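For this chain, numbers begin at 1 and follow the sequence in order. Since the structure is predicted, the reported quantities are computational estimates derived from the model, not experimental observations.
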Amino acid sequence: AALAAQGGPSALRLPRPMMNSGDFAFSFSGLKTAVLTATRARELSDADRAQLAWEFQEAATEVLATKALAALRHCGLERLVVAGGVGANRRLRERLDAAAQRQQLRVFYPELALCTDNGAMIAFCGAQRLLAGLPAAGSGAFAIKPRWPLAELTPV
């Protein structure tokens, strides 16, 4: 994000993966491959790297905002909570806030200092479970699914 702040619009256009997939899934593997291809094509100057970072941020935040807002509409909801490390990205916040204002939705974010790595947050939750005397992961208390389809989740 810091490098992207030094860039801006240019002729470079990276893909917006799965933007029109018709579901809420997303993957940035194609976007990462496009960046890799761009970096291998020629020697990049500092300005080129800033442009590439800017365009990567634009592509990623466009996909995330589009998918998140589509999920809200699909579920008939009007509030979105953004959490994890991505919640610290100012461009994502700008996109979501602008869309929320246009569509009369509300978006909530933790303070920037609390937007941390998802793995760290999950580890903290696990530690809290253990402190509370709840079963640990792998104990058979619940199934571990590294790729859990959203359609299979049920509200608690």
Enter the distance from [X]:[atom1] to [Y]:[atom2] here, rounded to the nearest 0.5 Å.
X: Asp46; Y: Leu3; atom1: CG; atom2: CG; answer: 8.0 Å
X: Phe28; Y: Met18; atom1: CZ; atom2: CE; answer: 10.0 Å
X: Leu96; Y: Phe108; atom1: CG; atom2: CZ; answer: 13.0 Å
X: Leu64; Y: Leu69; atom1: CG; atom2: CG; answer: 10.5 Å
X: Leu12; Y: Leu52; atom1: CG; atom2: CG; answer: 6.0 Å
X: Phe56; Y: Lys32; atom1: CZ; atom2: NZ; answer: 7.5 Å

### Query
Does Phe24 belong to the same Ile/Leu/Val/Met/Phe/Trp/Tyr cluster as Val107, with side-chain heavy atoms less than 4.5 Å apart forming each link?
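Not linked; separate clusters.
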### Query
Mind checking whether Phe124 and Val86 sit in one hydrophobic cluster, side chains of I, L, V, M, F, W, Y counted as touching below 4.5 Å?
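Phe124 does not cluster with Val86.
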Of all the heavy-atom pairs spanning [X] and [Y], show the shortest one and how long it is.
X: Asp23; Y: Ala25; result: OD1-N, 3.2 Å
X: Gly87; Y: Val82; result: CA-CG1, 3.6 Å
X: Leu31; Y: Ala60; result: CD2-N, 4.1 Å
X: Asn89; Y: Leu92; result: OD1-N, 2.8 Å
X: Gln57; Y: Ala4; result: NE2-CB, 3.7 Å
X: Gln51; Y: Ser10; result: NE2-CB, 3.0 Å

### More than 12 heavy atoms from other groups under 6.0 Å of CD on Gln128
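Above 12, so yes.
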#### Entry: Enclosure of Gln103 CD (heavy-atom neighbours >12, cutoff 6.0 Å)
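Yes, CD of Gln103 has more than 12 neighbouring heavy atoms, counting only those of other groups under 6.0 Å.
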### Query
Heavy-atom distance under 4.5 Å between the side chains of Pro9 and Glu58, does that happen here?
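Side-chain contact under 4.5 Å: no.
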### Message
Are the side chains of Ser27 and Pro17 in contact, using a 4.5 Å heavy-atom criterion?
### Response
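SC-SC contact between Pro17 and Ser27 ruled out.
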### Query
Yes or no on side-chain contact (heavy atoms from CB on, under 4.5 Å) for Arg93 and Leu112, after CA distance, side-chain angles and deciding distance?
CA-CA 11 Å; Arg93 287 178 178 227; Leu112 287 176; 3.6 Å; yes
### Task
Ignoring hydrogens and angles, state whether a donor on the side chain of Thr61 or Arg95 is under 3.5 Å from an acceptor on the partner side chain.
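Yes.
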### Message
Is it the case that the side chain of Arg106 and the backbone of Glu78 share a donor-acceptor pair, with hydrogens and angles ignored and the cut-off at 3.5 Å?
### Response
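Between the backbone of Glu78 and the side chain of Arg106 there is no qualifying donor-acceptor contact (under 3.5 Å).
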### Query
Would you call Arg16 and Glu55 a salt bridge, taking side-chain N to carboxylate O under 4.0 Å as the test?
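Here Arg16 pairs with Glu55 in a salt bridge, since their nearest N and O are under 4.0 Å apart.
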